[in-house]
Q: 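Have a look at this one.
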Protein chains: 2
Amino acid sequence: MREFCLPSGLDASALQELDRVVTTRTRFKKGATIYRAGDPFSALFAIRVGSCKTAVLAEDGREQVAGYHMLGDLVGLDGIANERHECQAVALEDTEVCVIPFGQLEDLARQVSPLQHNLHQFLSREIGRDQNVMLLLGSMRAEERLASFLLNLTRRLQARGFSASEFVLRMTREEIGSYLGLKLETISRTFSRFHDDGILEVNQRQIRVLDPEALQNLLSSPC
Amino acid sequence: MREFCLPSGLDASALQELDRVVTTRTRFKKGATIYRAGDPFSALFAIRVGSCKTAVLAEDGREQVAGYHMLGDLVGLDGIANERHECQAVALEDTEVCVIPFGQLEDLARQVSPLQHNLHQFLSREIGRDQNVMLLLGSMRAEERLASFLLNLTRRLQARGFSASEFVLRMTREEIGSYLGLKLETISRTFSRFHDDGILEVNQRQIRVLDPEALQNLLSSPC
DNA sequence: CGAGGTGTTGAGATTTGTCAACCTACGTGG
DNA sequence: CCACGTAGGTTGACAAATCTCAACACCTCG
């Protein structure tokens with residue numbers, strides 16, 4: 001777990017100092033809110049167990065899922081800018097997070113150069129991820145979006161030592177739809193089509209990827 | 001200009017040190033590439049004059065405009081994560097940037113706490129901006145997207161001391177369409193509709209906002 | 001065991017995309 | 001300095017994708 005997280009590449013004494021900063025862990029039940037939009041920002045949260053979604057709210061109240069975060073991910077990064085959270089984070093299952101007080105993290109990052117760089121990489125990686133979601137939302141059709149989502153998921157699960165071919169979705173069709181800019185019916189239909197095409201085995205949220213290459217082909221072909 | 005940029009809130013000696021790091025300025029002609037996807041990352045670019053777009057490329061070559069940056073904006077932030085640029089940046093008009101070598105910036109940020117915090121805020125603000133684009137792409141219809149884009153533009157121009165009601169678009173209809181996840185014809189039609197509704201005066205890229213409230217209403221009403 | 005949340009599927013409506021024709025403005029070169 | 005070529009912009013008609021509404025099935029949790 002550590003190699004994914006902020007401590008990666010730190011020496012023993014730096015690790016010890018980081019442990020002094022990260023003293024609290026918090027548990028959230030499935031469905032519990034980790035933070036709300038507008039909450040004062042004071043800390044980042046590193047996911048130790050479980051997963052969560054982040055969502056931005058439109059002026060008219062519509063919710064747009066903006067991220068799906070799992071083990072080792074850092075959430076709350078968008079709160080730094082204005083000292084308050086711009087989106088909300090909700091646990092998708094029973095979840096445990098490390099609370100990382102941001103002021104103290106900045107202090108420590110000034111002393112520990114690798115930690116500083118890790119933090120910058122996390123922030124930058126989040127920007128890159130968001131840009132890929134923009135690409136998805138701005139230029140892909142429904143099948144491509146879902147294929148891209150599933151492939152991204154399998155890669156991240158694999159990187160964490162889980163099976164890439166069999167997993168349980170933690171989001172409802174509606175949440176996946178929101179994330180992908182589609183309606184839940186479209187998600188459901190697209191799952192069914194992938195099933196009919198022999199690409200997936202779909203049983204509710206239990207997914208088995210039978211033909212990952214077919215998913216990949218949906219993305220790389222010009223249409 | 002300085003108050004928008006990294007130096008905001010720095011004392012005289014820190015400013016001097018920053019000036020020692022930021023020694024090069026580069027000019028780009030309209031249409032010139034500032035960096036390409038895949039280029040090794042070594043520096044951030046702060047826009048001093050002009051504007052640029054950033055764009056991510058899909059596996060099949062499609063281009064998705066992911067950002068529209070102007071005076072005071074920092075571009076290249078997505079390159080930190082993997083030491084190479086994940087997107088490309090192209091000047092939309094004759095543009096001048098400060099080149100900020102990132103390694104040196106990190107060094108200085110460890111010594112100058114306000115600079116460190118400014119950098120974090122820039123990174124975080126970019127994340128927030130991207131999330132708002134996701135909201136736009138994922139849940140708004142064409143009119144709402146263009147209204148949101150125009151309002152965002154007017155706010156940013158105003159913050160920089162330019163007129164909020166009259167400005168020149170630096171992007172083609174096609175680029176705006178890519179940014180908003182729509183085709184150029186849809187952008188053109190939506191401009192025409194806003195024109196017919198008395199919300200805008202549109203002459204090619206010359207825009208005059210006649211009724212900003214109407215634009216705002218397009219966003220805040222539930223449908 | 002029942003209820004409510006979640007998921008599937010169908011039919012028809014709506015939005016946006018596609019293709020095509022045409023117009024306009026701008027810059028380049030004569 | 002003007003003319004022309006070309007990139008960019010507008011508009012129309014039609015096609016395609018996705019959404020909407022509705023009915024129903026399923027599954028999980030108390």
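Numbered from 1 within each chain, the chains take letters A, B, ... in sequence-line order.
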Q: Separation of R173(B) atom CZ from dT10(D) atom P, in whole Å?
A: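 Spelled out: CZ on R173(B) to P on dT10(D) is 4 Å.
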Q: If you compare every side-chain N and O of S188(A) against the phosphate oxygens of dG7(C) (OP1, OP2), does one of them come in below 4.0 Å?
A: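 For dG7(C), OP1/OP2 do not have a side-chain N/O of S188(A) under 4.0 Å.
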Q: Write down the distance between CD (E143(A)) and C1' (dA17(D)), rounded to a whole number of angstrom.
A: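 Atom CD in E143(A) sits about 11 Å away from atom C1' in dA17(D).
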Q: Is there a donor on the side chain of E185(A) or the base of dC21(D) sitting less than 3.5 Å from an acceptor on the other?
A: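 For E185(A), whose side chain was compared with the base of dC21(D), there is a donor-acceptor pair (under 3.5 Å).
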Q: Expressed in angstrom and rounded to an integer, what is the separation of E144(B) atom CD from dT14(C) atom P?
A: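 To the nearest whole Å, that distance equals 17 Å.
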Q: Using whole Å, what does the distance between atom P of nucleotide dG17(C) and atom CD of E174(B) come to?
A: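 E174(B) atom CD is separated from dG17(C) atom P by 12 Å.
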Q: Taking the nucleotide of DNA chain C with the closest heavy atom to each, which residue, K30(B) or M140(B), is nearer the 5' end?
A: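 It is M140(B) whose nearest nucleotide is closer to the 5' end.
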Q: Counting any heavy atom closer than 4.0 Å, what does R189(A) reach on the DNA or RNA strands: base, sugar-phosphate only, or nothing?
A: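 Touches a base.
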Q: Rounded to the nearest Å, what distance is computed from the CD atom of residue E175(B) to the P atom of nucleotide dG8(D)?
A: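 The distance from CD of E175(B) to P of dG8(D) comes to 8 Å, rounded to the nearest Å.
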Q: Nearest whole angstrom, please: distance from the P of dG9(D) to the CZ of F194(B).
A: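 Rounding to the nearest Å, CZ of F194(B) and P of dG9(D) are 17 Å apart.
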Q: From NZ of K29(A) over to C1' of dG30(D), roughly how many Å is that when rounded to an integer?
A: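 After rounding, the reported distance stands at 15 Å.
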Q: Checking ring-ring contact (aromatic ring centres under 6.0 Å, His included) between F45(B) and each of F102(B), Y35(B), F28(B), which is the one that passes?
A: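 Of all the options given, the one that passes is Y35(B).
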Q: Scan G181(A) against the nucleic acid and name what it touches under 4.0 Å (heavy atoms): base, sugar-phosphate only, or nothing.
A: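 Answer is sugar-phosphate: G181(A) comes under 4.0 Å of backbone atoms only.
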Q: Under 4.0 Å, heavy atoms only, any strand: does I187(A) hit a base, just the sugar-phosphate, or nothing?
A: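 Result for I187(A) = nothing.
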Q: Is the phosphate of dC19(D), meaning OP1 or OP2, less than 4.0 Å from a side-chain N or O of T186(A)?
A: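 Yes, because at least one side-chain N or O of T186(A) sits under 4.0 Å from OP1 or OP2 of dC19(D).
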Q: Please determine, by modelled atom types, if S51(B) and E93(B) share a side-chain donor-acceptor pair under 3.5 angstrom.
A: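 E93(B) and S51(B) do have a side-chain donor-acceptor pair below 3.5 Å.
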Q: Within the side chain of T33(B), is there an N or O that forms a donor-acceptor pair under 3.5 Å with the backbone of R36(B)?
A: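 Not at all, since once roles are kept as given, no pair shorter than 3.5 Å links the two residues.
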Q: For Q204(B) and K183(A), take the nucleotide of DNA chain D holding the closest heavy atom to each; which residue's nucleotide lies nearer the 5' end?
A: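 Nearest nucleotide further toward 5': that of Q204(B).
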Q: R141(A) side chain: which of dA17(D), dC19(D), dG8(D) is closest?
A: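 Out of dA17(D), dC19(D), dG8(D), the nucleotide with an atom closest to R141(A)'s side chain is dA17(D).
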Q: Reckon S192(A) has a side-chain N or O less than 4.0 Å from the OP1 or OP2 of dT9(C)?
A: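 Affirmative; the distance criterion is met.
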Q: Taking the side chain of R205(A) as its heavy atoms from C-beta onward, which of dT6(C), dA17(D), dT15(C) lies nearest to it?
A: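 Among dT6(C), dA17(D), dT15(C), the one nearest the side chain of R205(A) is dT6(C).
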Q: Less than 6.0 angstrom separating the ring centers of F162(B) and F167(B), yes or no?
A: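 Centroid separation for F162(B) and F167(B): 6.0 Å or greater.
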Q: Salt-bridged, R129(B) to D130(A), with N to O below 4.0 Å?
A: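 Salt bridge flag = no for D130(A) with R129(B).
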Q: Whole angstroms only, please: what is the CG-P distance between N203(A) and dC27(D)?
A: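 Rounded to the whole Å, the gap is 8 Å.
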